[in-house]
Amino acid sequence: MRDYLSSQIIAALESMGGAPDAFEVDFQQTNNPDHGDLATNAALQLARHFKKSPRAIADELAAKIDLDPSRISAVEVAGPGFLNFRFAAAHLSTALRGMLDAGPSFGRVDPTGKTAIVEFVSANPTGPLTVGHGRNAVLGDTIATLLESQGFTVTREYYFNDAGRQMRVLGESVRAQYQALVDPSHGRKTIEAAGGERLDVPESFPEDGYQGDYILEIADALKERSGDALLAGDDVDVFKNAAQERILEDIAFTLERMGIRMDSFFNERSVYESNAVWDIVEELRRKDLAYDKDGAVWFRTTAFGKDQDTVLVKSSGEPTYRLPDIAYHIDKLSRGFDRIVDVFGADHIATFPDVLSGVQAMGHSTDGIQVVIYQFVTLVRGGEPVKMSTRKATYVTLDDLMDEVGEDVTRFFFLMRSPNTHLEFDLDLAKEASEKNPVFYLQYAHARIASILRKAEEVGFSLSDDAPLELLVHDAEENLIKEMMRYPAVLARAAESFEPHRLANYLREVAVAFTQFYGNCRIIGESPELASARMLLARAAQGVLAGGLGLLGISAPDKM
RNA sequence: GCCCUCGUAGCUCAGGGGAUAGAGCGUCGGUUUCCUAAACCGCAGGCCGCAGGUUCGAAUCCUGCCGAGGGCACCA
């Protein structure tokens with residue numbers, strides 16, 4: 001429709017002497033029904049060019065423009081010089097027919113052959129996923145789904161590191177618990193935990209060890225499997241590997257529960273095994289972008305606008321996270337994706353530019369790499385924020401959260417806010433909300449439609465594809481159709497800006513429009529023609545709700 | 001001190017440079033002989049943090065300030 005109007009306006013402008021070369025007609029959705037369905041500010045923008053008042057230009061345009069009355073029923077000049085267009089009834093029924101014909105693919109783009117990789121979660125396997133990881137996981141998964149809706153083939157990838165200091169401490173934590181389990185003579189000590197609390201732990205437990213119960217469970221499993229045979233060696237790896245394996249399994253299980261399945265797990269180790277990291281250091285040295293100082297290798301980030309250089313390789317010989325990260329991104333580039341999306345928490349905000357600089361320094365364009373940063377989640381219970389830390393025993397796991405409020409609510413709450421605002425997750429509200437919660441509101445609207453269609457068929461009305469859609473002229477019917485007509489654009493915008501909340505908010509508006517239709521227009525009791533037309537309208541709304549909820553990973557029940 | 005995000009109704013938040021700034025929750029009042037009341041309708045509630053600037057037009061873009069959160073390690 002916009003393309004059509006745009007071409008007609010350009011044609012009218014030609015007869016008025018022509019618009020500037022770069023001129024494009026800009027349309028906006030109106031938010032007041034008095035302003036029609038679509039408005040353009042073209043006359044306002046062209047006032048200077050034509051040296052006339054915006055209203056005069058608008059009047060002239062309105063007079064000269066040639067419009068198909070089956071698509072546009074009226075053009076009005078309003079306000080300072082807006083042109084308001086009103087959709088013809090026939091245009092609405094044509095659009096509704098199109099939605100019904102498209103079925104579940106309405107709003108979606110056919111496969112384009114383009115590919116994307118979305119990297120998300122990427123939590124190191126040191127413990128169960130927490131609420132913070134949850135926002136990452138749901139956001140990343142939904143961004144991937146949205147890209148799929150726009151015709152991309154998407155790879156969901158989890159990047160993890162099992163080599164660093166964290167993992168060593170994890171292994172030592174497990175070993176200490178294991179030693180205490182198999183050897184009763186092993187001593188105890190107390191260490192200070194979060195909030196000054198004192199904790200009783202085995203004597204060999206590391207100062208900054210992991211204190212969760214899962215460490216004990218892993219140690220216990222090792223005892224079951226190997227008895228005290230592991231006491232002899234002094235290798236932590238056996239403990240570390242057991243912990244990692246178990247924790248990754250648990251993580252995959254938690255993700256699965258949220259409807260998330262990763263396509264691949266990329267182990268940081270592989271960029272060491274391929275020697276890629278050391279090649280990068282050499283290359284950067286050659287380009288004078290890396291140098292030695294204080295026994296460490298430094299990356300000249302000042303050449304990329306930073307106020308300090310940063311360390312690539314510690315004096316211990318161990319690289320910092322930056323080096324493998326650079327190698328990993330170069331690896332992703334080499335795999336030929338059209339788009340590369342990284343989903344990071346706000347704590348990475350200062351660090352990913354270094355990684356991108358590194359990729360550029362190696363001679364690659366980073367234009368295809370897009371980084372989505374989301375702000376932190378605060379869990380609120382009883383009006384008080386809940387403190388969280390993976391290492392201390394104070395975190396709330398994602399599984400706990402789902403146990404408490406359910407999978408659908410968990411997903412929706414993570415998705416209903418813009419990624420770049422802090423998310424306050426009110427547990428009391430999410431739970432007690434079985435009445436007021438937007439998730440239930442949407443699901444309820446869907447269930448209600450299913451119920452109406454069931455009931456209508458029971459009493460003898462039938463869904464007929466050739467129902468006379470032109471009978472749908474009630475305001476509530478037209479509003480619902482117009483609302484649904486926006487769906488493809490909303491979806492495209494949500495996908496391109498990586499902002500699933502746009503879809504979540506939009507679905508609510510569809511549900512509101514449907515509910516108004518429901519309140520004003522009945523099916524049972526009307527003439528068979530009108531009833532079947534309304535059934536088709538309801539069916540279309542059901543399709544948009546089910547499709548949208550599906551993209552968000554939320555169920556659309558037929559009964560509640 | 002520097003960097004990033006945010007500041008909109010009592011609370012949580014939407015708002016792609018446009019016309020009279022919206023929703024949910026909360027408050028108050030109303031609606032069920034009628035396809036799902038987990039619903040609907042209505043009232044009240046706003047210097048869009050402050051001050052400048054750009055523009056025909058700014059909650060939206062720019063600058064500065066104030067406030068909140070996060071980040072500024074040879075941790076990741």
Side-chain angles (χ1 to χ4, degrees), chain A residues 26 28-32 34-35 39-41 44-45 47-48 53-54 78-82 84 122-124 126 160-161 164-167 169 208 268 293-298 306-308 310-322 324-325 345-351 353 373-376 378 380 383 416-426 429 433-441 443-445 447-456 458-459 461 489 493 497 501-502 504-506 508-509 512 515-516 518-526 531 534-535 538 559-560:
Chain A
D26 193 29
Q28 68 221 46
Q29 208 91 54
T30 57
N31 42 23
N32 180 339
D34 291 342
H35 299 156
T40 179
N41 59 359
L44 290 149
Q45 291 187 316
R48 183 170 293 181
S53 82
F82 290 102
N84 295 333
S122 295
N124 284 344
T126 56
F160 71 101
N161 154 20
R165 204 188 70 89
Q166 286 184 2
M167 293 301 293
V169 173
D208 52 354
E268 184 194 271
K293 192 181 94 184
D294 304 335
V297 182
W298 293 71
K306 276 264 195 150
D307 48 7
Q308 300 173 41
T310 47
V311 171
L312 273 184
V313 184
K314 299 182 250 180
S315 52
S316 65
E318 256 182 306
T320 65
Y321 73 93
R322 289 186 188 85
D325 247 22
D347 52 340
H348 282 70
I349 210 151
T351 65
I373 298 278
Y374 63 92
Q375 300 293 318
F376 286 152
T378 313
V380 176
M416 70 186 194
R417 302 291 180 226
S418 159
N420 50 18
T421 69
H422 295 262
L423 177 63
E424 190 163 302
F425 197 123
D426 189 328
L429 193 109
S434 30
E435 303 184 7
K436 316 285 187 189
N437 195 307
V439 187
F440 290 95
Y441 182 81
Q443 293 180 324
Y444 183 72
R448 181 184 254 171
I449 296 173
S451 165
I452 291 170
L453 293 177
R454 269 196 307 270
K455 189 86 167 233
E458 275 172 28
V459 297
F461 292 94
R493 172 125 175 96
S497 61
H501 75 281
R502 291 178 181 279
N505 289 337
Y506 165 76
R508 183 177 176 87
E509 286 170 29
V512 168
T515 305
Q516 274 159 4
Y518 169 77
N520 285 291
C521 304
R522 296 186 59 77
I523 290 173
I524 294 170
E526 299 291 347
R534 284 180 173 169
M535 285 172 79
K559 264 185 196 163
M560 286 181 75

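Since the model is a prediction, treat every value here as computed from it, not as a measurement. In what follows, every chain begins at residue 1, and chains take the letters A, B, ... in the order their sequences are listed.
Among B/C75, B/G71, B/A39, the nucleotide with an atom closest to any side-chain atom of A/D347 is B/G71. Here the nucleotide nearest the side chain of A/I452, chosen from B/G71, B/C25, B/C35, is B/C35. When distances run from any side-chain atom of A/S315 to the nucleotides B/U36, B/C74, B/A76, the shortest one goes to B/C74. Across B/A76, B/G70, B/A37, the shortest atom-to-atom separation from the side chain of A/Y518 is found for B/A37. Of the candidate nucleotides B/C74, B/C4, B/A38, B/C74 has the atom lying nearest to any side-chain atom of A/A296.
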Practice problem: Could you walk me through whether A/I449 and A/Y518 pass the side-chain contact (heavy atoms from CB on, under 4.5 Å) test, one step at a time? | Solution: CA-CA 9 Å; A/I449 296 173; A/Y518 169 77; over 6 Å; no
Self-check item: Pair A/F461-A/V459, side-chain contact (heavy atoms from CB on, under 4.5 Å): steps then yes or no
Solution: CA-CA 6 Å; A/F461 292 94; A/V459 297; 3.7 Å; yes
Quiz item: Which is it for A/K559 and A/S451 under the side-chain contact (heavy atoms from CB on, under 4.5 Å) test, yes or no, and what are the steps along the way?
Solution: CA-CA 7 Å; A/K559 264 185 196 163; A/S451 165; over 6 Å; no
Self-check item: Intermediate values then yes/no, side-chain contact (heavy atoms from CB on, under 4.5 Å), A/I523 and A/I452
Solution: CA-CA 8 Å; A/I523 290 173; A/I452 291 170; 3.7 Å; yes
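Residue contacts for A/T320: at a heavy-atom cut-off of 4.0 Å it reaches the sugar-phosphate backbone alone, with no base atom in range. Here A/Y444 lies in heavy-atom contact (under 4.0 Å) with a base. If you check every strand for non-hydrogen atoms under 4.0 Å, A/K306 touches nothing. Within the 4.0 angstrom heavy-atom criterion, base atoms lie near A/D294. Residue contacts shown for A/E318 are absent, as no nucleic acid heavy atom lies under 4.0 Å away. No engagement by A/A47 is indicated, since no non-hydrogen atom pair under 4.0 Å with the nucleic acid exists.
For the pair A/N41 and A/F82, the minimum side-chain heavy-atom distance is below 4.5 Å. The closest side-chain heavy-atom distance from A/L312 to A/P319 is not below 4.5 Å. A/Q166 has its side chain out of reach of A/V169: every pair of non-hydrogen atoms, C-beta onward, lies at least 4.5 Å apart. The shortest side-chain heavy-atom distance between A/E268 and A/F160 does not fall under the 4.5 Å cut-off.
Nucleotides B/A23 and B/A44 have their P atoms positioned 13 Å apart, rounded to a whole Å. To the nearest whole angstrom, the two P atoms, one in B/C11 and one in B/G49, are 14 Å apart. Look at the C1' atom in both B/C25 and B/A38: the space between them is 15 Å, to the nearest Å. If you take atom C1' in B/A51 and the same atom in B/G67, they sit 15 Å apart, rounded to whole Å. Between B/U31 and B/C43, the distance separating the two C1' atoms is 15 Å to the nearest Å. A gap of 28 Å separates the P atoms of B/G10 and B/C62, to the nearest Å. With both ends at atom P, the span from B/C28 to B/G22 equals 25 Å, rounded to whole Å. Spacing of C1' atoms, B/G18 relative to B/A59, comes out at 12 Å, to the nearest Å.
A/N420 and A/S418 form a side-chain donor-acceptor contact under 3.5 Å, judged by distance and modelled atom types alone.
Annotated as anti: B/U31, whose O4'-C1'-N torsion sits more than 90° from 0.
Between the A/R417 side chain and the A/H422 main chain, no donor and acceptor come within less than 3.5 Å of each other.
Between A/D325 atom CG and B/A76 atom P there is a gap of 10 Å when expressed in whole angstrom units. For the pair A/R322 CZ and B/C74 P, the computed distance is 8 Å after rounding to whole Å. Atom C1' of nucleotide B/A39 and atom CD of A/Q443 are separated by 15 Å, given to the nearest angstrom. Straight-line distance from the CD1 atom of A/I449 to the C1' atom of B/C35: 12 Å, rounded to whole Å. Look at NE2 on A/H348: it is 6 Å from C1' on B/A76, rounded to the nearest Å. Rounded to a whole Å, the CZ atom of A/R522 is 5 Å from the C1' atom of B/C35. A/L429 places its CG atom 10 Å from the P atom of B/C25, with the value rounded to the nearest Å. The nearest whole Å value for the distance from the CH2 atom in A/W298 to the C1' atom in B/A73 is 10 Å.
In secondary-structure terms, RNA chain B builds stems of at least 3 consecutive Watson-Crick or G-U pairs, each pair having both distances under 3.5 Å, at B:1-7 with B:66-72, B:10-13 with B:22-25, B:28-31 with B:39-42, B:49-53 with B:61-65.
Between A/K455 and A/I524 the shortest heavy-atom distance is CG-CD1, 3.7 Å. Looking at every heavy atom in both residues, A/K306 comes nearest to A/A350 through NZ-O, 3.2 Å.
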Practice problem: Indicate for each nucleotide in nucleotides 11-23 of chain B, in 5' to 3' sequence, whether protein heavy atoms under 4.0 Å reach the base (B), only the sugar-phosphate (S), or nothing (-). | Solution: -BSSSB-BBB--S
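Comparing A/A350 and A/Y321 by the nucleotide of RNA chain B whose heavy atom lies nearest to each, the residue mapping closer to the 5' end is A/A350. Between A/T351 and A/V512, the residue anchored closer to the 5' end of RNA chain B is A/V512, taking for each the nucleotide with the nearest heavy atom.
The side chain of A/Y441 contributes an N or O atom lying less than 4.0 Å from OP1 or OP2 of B/C40.
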